[in-house]
Structures are given as C-alpha cells and as structure tokens.
Amino acid sequence: MKENKSKVKMIIEYTNGLKKYFVIAVITTILGIIFNYLTPQVIRITVDSIIGNTPFNLPSYMLNTIDNLGGREFLRQNLYIPATIGVVFSVLSGICNYFYKVYMAKASDGTIKNLRDKLYNHISRLPFSWHMKNPTGDIIQRCTSDMEVVKSFLGIQLLEFIRIIFLITISLTLMFSMNVKLSLIAVVFILIVIAYSVIFYSLIQKKFKVADEAEGELSTLVQENFTGVRVVRAFGRQSYEIERFDEKNIGFSRLWIKLGHVLSFYWGIGDLFSGLQVMSIVVFGCFETVSGALTLGELLAFIFYNSMLVWPVRSLGRIISEMGKAGVSINRIKEILDAEEEKDNEDAITPDINGDIEFKNVKFDYYGTKPVLKDVSFKIKKGSTFGILGGTGSGKSTIVHLLNRLYNLDENCGEILINGVNIKNIKLDYLRHNIGVVLQEPFLFSKTIKQNINIASKIDEIENFESIKHVSQVSHVHENILGFSKGYDTIVGERGVTLSGGQKQRVAIARTLIKNSPVIVFDDSLSAVDTETDAKIRHELKKHVKDSTVIIISHRITTLMSCDNIIVLDDGKVIESGNHESLIKTNGLYKKVYDMQSSVENELIDTLNEDTGGEK
C-alpha cells in the first residue's frame, strides 16, 4: 500500500501547472457519460409512452413542455422530435469526448515532459560510480520504453479507469431503478470479472518486470555493438555478435510469447463471462417483461445499459493489467530518481586551485573488492610536472578518478589536499572545471572538430577560433585537421569514429588545453601517437602550460623523463619516487622498465638498419 502511495505521490509531483487540464478532462468525460446515458432513456420513453400508452414518468417541467407541444398524439405524429433529441445527446457526448481527449493529452504529455526533464537532469548529476554499475542500454530503455508505458498509463488508463467506475455507478443506479432482479444478476457477473482481473493482475506483474529487464539487456547488447562497431569489424566478430543477439532476442521473444499465452487465457475467460452476462440479462429480461414486471421500453433500455457495461467491465480488467505494467515501469524510473545525486558539502568552498597537491595515506577499493590503492602518499609541487609509472591495475587511473572526485574516499581512508584544502570541501563543478583531464580513450561527440575542441569553453567557437587553432597547434593536430576537406568544420562522427586513435587523443588534448586549467592530467593520453610526435607535443606543452601543474601518467619512460618528479606504482603502493636521473641509478622497477624499453628500441633500430643495408 505504501509503495502504491509513493508511486502516486511521485506522479503528482510532476503535474505542476497541469492539474487544471486533468480537472477539465474529468468534467468533460463525466458530462459525456451523462449525455450518452440519456439516449437509452429517450428510447424507453419513445417505446413506452409515445408509441405505447404508458404514462410519462418525467419531471413536471418536461410534462408541461410536452402538453404545450400538443401531448402524446403530437409526438406520435412527429417521431423525428425524440429522434432529434437522441441525436443531440449523442452529438453532445461526442463533443465532450473530444475535449476529454484533448485536455487529457495536454495533461499527460505535459506531465511526461516534466518527468523526462527531471530524469535526464537527475541522470546527468548522478555519480560516475552509479553509471559504472548500471548498463547504458538499460538506462536508455528506462528512459524510453518505460517512459512510454507511464505516458500510456496517464494518457489513457488512469482516466479511463475513473471513467469506467463512473459508468458502472450510473449504469447500476439506472438499472436498479428499473429492475432489481436483473440488476443483481449483472452485479454478480461484474464482481466475478473484477475479482478475476485483480487476481490476474497480481500474477502478471512479476512476468512483466522480467520481460522489461530482458528488454533492457537486449538494448544494452545492441548499444554495445553499435558503439563498438569498429572493434567488431576489426576482429571479424560479426557472426559471434549476431549469435549473441539471437540468443538474447530468442529469450526475450519467448518471454513475450509466454505472456501472450497468459493474456490469451485471460481474455478468453473474460469473454466467456461477458457473453454469459449478456445472455443471462436477455433471457431473464424476457421473462420479466412477459410477467409484466418490466415494460418493453425498460427492457430495451436495460439491455442497452447492460451492453454499455460489458465492455467497460472487460476494459477494467485490461486496464488493471496495463496498470501492472505501468507500476513496474514507474518503479524502474523511480529507482533512478531515488539514486542519490552528487552533492557538495554544505560548507563547500571555491579556493585557489593553483597550489600543491597532496595524497595523504590514501586507501581505496571499488565496491568492496581487492584494494586498488594501499596507503598511498605523495606530494606534487605547484607548477611542476609530475609523472606516474605503473603496470596495469597498479592504480594509476584510480588516482585521476579520486583527484577529480569521480569517486569519493570513504571515512578513515586518507585525504587528498589541493593548496591545503581537502577536495571534499571544494565545490564539485569548480574542482572539475579547474582540473583538465585527457583520458587514454577520449570520447568525441558527433559534432565538428571545432565544436569538439571548444566544448569546454564558455566562448562561442566562431569568436574563439584563434584559440582553437592555437591549442590544435600545441597538440600537433592542426595539420591533420587542415588535411580534411572541410577542415575544422569536419564532422567527426559518432564517438570520433572518422579519426584515428592518435588524432582523437590530440583533439582531446586540445579540448582540455582550451580551458587553461591550473591542473592538467594526461592519463596515458599519448599512447596512440608515435615517439617523435609525443616529444613534439610535450615540448609545445611546456611552453603552453608553464604555470600549470601537470600530471602525466604513461607507460613510456621517454614521456616521463622530463618530469620534475616521478612515482612508480606497483600493486597499489608507491615503491619508488624521484626524478629520472635518480631513478635509473637504483635497481628498481623504473630502471628495469627503462632498460627493457631501451633494449626494444635498439633492437628495432638494428632491424631497420639490416633491412635497409645500413642506410639511414
């Protein structure tokens, strides 16, 4: 019960400014029902009191109107009058239904827009750790398919449910006023169908949830294949990925086929009850008419009302079933909205970031797994170039994630200070704006190169074009860009697919440099460029970022050689620290990597010399 209240409360929160449309929709649907239910009364009066001789059972003002027109004989000679009245009621009912649908669409679409806006904004503010735990395809499925289910619930099912309850109430009131016995028969069937529907709803809800989750898995698989199309093609994995998709798709289809069997059984049994209800009313109604307990006009009106009840009652079962799906979808959307957003501390500040950076006894693990960083401590001097070397899984990238607060340190797991201030006390947006990060696998948007580079700037790309060119020259991608037919206006394609790995990395470097951040981190971001270009970029960077604190993470010793200080990570610990000259004098891991890379380079040079006959 509490869960259902929380769902209703969540939906109501997003109807701000739209409640008047819901009210108008309810009023027009009630008026439409009233006009629709007046038509059988016109038929009853016409058969019993105009064509027949039964006294008029009408309010006095209506009787006076009939007398003024000429009484029963006048109406018998002008049957077009009751016929016209019936048509007018039908027209009015149609007009009301039109406005009901218009205002219900405004109300439901407006509510879904508000909910969709909130959901997108909320997802944008969720921690990086949340995104790492939730597959992208599943998130998209919740934001699209589940949102459409909720929209259908608001736009069709919710008010239809209210409308059906009102229909049943009016119909039974009129039916009981005409004949109690037949009304009780109708009530018995109505109760059976409603009870049967409620039981079915409770059983089907879990099945819909399983089907929804399977659709999320299928969406994730499709999203991965589309975004990783180059890898799939490069390794010839098309057949394997098609088989994976077929397996998931078959499983998903089987779930819906099973649901189809259950729904078919439900609708079949429901149709049986509905048919029995109609036949019972017709048969017993004939007996009541023959016995004189019911007039012919009343029987026709009663059958009319009962027929009008059959489909709403059957629809009630369908709507309850659909509400089960909506309940699952609302829960899945609510799970995202209930996830805690990244928040600043109440006393968060915006201090000068241009200062020393210090890691003090930092311990960290991902979701309770094996520790990635174990009591790591080091200090980076303001304006210096700091290098980090380490093998895969040693914790290099984790240091970047923690510095940028993509993950937060738990209590008693050390602290990270910038200019003497714990980064937990620095406003997130301010911190990340002042720390530029170039990742090893940069993400580029489906925009022009110019727009991708300028994305971190608050100045329009046209006005900022000279700065865009300058940072492109620093990152040695300017010449490559001019080589494209449209230059800086070249669309890079989804995830930068039209650029090479090295070109993407250099565009990402330019994008970071344009912010002029006081702290810049290069997380193995020159791995896809050759050694010569690497050296040229580092040479230009020294001139461009001379006042910034630069952190370089790399597996190349040549990239780290010019750093003021270097730490070596192994199994989450700092095992060596110093500049290049001091580190190669020790017989540690740094020296071993240096010797290994130097040996490989020398062998490569010797091989090239042999292949070219000693020519250089």
Side-chain angles (χ1 to χ4, degrees), residues 4 7-9 11-44 85-115 148-177 183 186-187 190-191 193-194 197-198 201 270 274 277 301-327 330:
N4 289 334
K7 290 177 188 176
V8 172
K9 186 179 178 182
I11 295 299
I12 290 174
E13 285 178 4
Y14 300 99
T15 59
N16 288 336
L18 302 166
K19 292 183 180 68
K20 59 184 178 183
Y21 296 134
F22 280 106
V23 171
I24 294 172
V26 170
I27 292 172
T28 51
T29 192
I30 290 172
L31 289 173
I33 291 169
I34 292 171
F35 287 131
N36 199 33
Y37 271 61
L38 286 173
T39 304
Q41 291 299 319
V42 173
I43 295 172
R44 177 184 67 80
I85 294 172
V87 171
V88 168
F89 286 148
S90 296
V91 170
L92 291 173
S93 176
I95 292 171
C96 288
N97 286 335
Y98 167 78
F99 283 107
Y100 146 66
K101 291 185 181 298
V102 168
Y103 284 100
M104 197 62 217
K106 286 184 178 182
S108 60
D109 286 338
T111 302
I112 288 299
K113 177 191 175 297
N114 292 341
L115 180 57
E148 285 301 313
V149 172
V150 176
K151 179 181 175 181
S152 176
F153 165 70
L154 288 175
I156 301 172
Q157 298 147 21
L158 180 61
L159 202 60
E160 190 66 18
F161 180 78
I162 297 171
R163 182 172 177 272
I164 289 169
I165 296 299
F166 197 76
L167 276 170
I168 292 172
T169 303
I170 292 182
S171 294
L172 289 178
T173 301
L174 292 169
M175 289 163 73
F176 270 101
S177 69
S183 299
V187 168
I190 289 170
L191 292 175
V193 172
I194 291 175
S197 299
V198 170
Y201 157 69
S274 298
Q277 179 183 347
F302 199 99
I303 291 173
F304 201 106
Y305 287 134
N306 183 65
S307 299
M308 291 172 72
L309 264 184
V310 170
W311 179 245
V313 171
R314 292 291 293 113
S315 295
L316 187 61
R318 176 182 61 81
I319 287 170
I320 290 174
S321 169
E322 292 297 319
M323 286 170 72
K325 288 173 66 178
I330 291 171

For residues Phe22 and Thr15, determine if any side-chain heavy atom of one lies less than 4.5 Å from a side-chain heavy atom of the other. yes

Distance in Å, Leu115 CG paired with Ile330 CD1, rounded so as to fall on 0.5 Å steps: 9.0 Å

Measure the spacing between CG of Leu172 and OG of Ser177 and express it to the nearest 0.5 Å. 10.5 Å

Atom of Thr39, atom of Gly86 and distance for their closest heavy-atom approach: OG1-O, 4.0 Å

Would you name the heavy atoms of Ser183 and Phe176 that are closest together and state the gap between them? OG-N, 3.1 Å

Would you mind reporting whether Leu18 and Asn114 have side-chain heavy atoms less than 4.5 Å apart? yes

dist Asn36:CG -> Ile33:CD1 (nearest 0.5 Å) comes out at 8.5 Å

Please determine whether the number of non-hydrogen atoms from other residues, nucleotides or ligands lying under 6.0 Å from atom OH of Tyr98 exceeds 12. no

Minimum heavy-atom distance Lys151-Ser108, with the two atoms named: O-CB, 4.5 Å

Spatial distance of atom CG (Asp109) from atom CE (Met104) [nearest 0.5 Å]: 9.5 Å

With a 4.5 Å cut-off on side-chain heavy atoms, are Phe35 and Leu38 touching? yes

In this structure, OG1 of Thr111 is separated from NZ of Lys19 (nearest 0.5 Å) by 8.5 Å

Please indicate whether Phe99 has more than 12 foreign heavy atoms, meaning atoms of other residues, nucleotides or ligands, lying under 6.0 Å from its CZ. no

Closest non-hydrogen contact found for Ser93 with Gly32 is OG-O, 3.1 Å

Look only at the side chain of Thr29 and the backbone of Ala25, and say whether a donor-acceptor pair between them is shorter than 3.5 Å. no

Minimum heavy-atom distance Phe304-Pro40, with the two atoms named: CD2-CG, 3.2 Å

Once rounded to the nearest 0.5 Å, what's the spacing between atom CD1 of Ile170 and atom CD1 of Ile165? 12.0 Å

Is Ser152 reaching over with its side chain to a backbone N or O of Val149, donor-acceptor style, under 3.5 angstrom? no

Least distance between heavy atoms, Thr173 atom then Thr169 atom: OG1-O, 2.7 Å

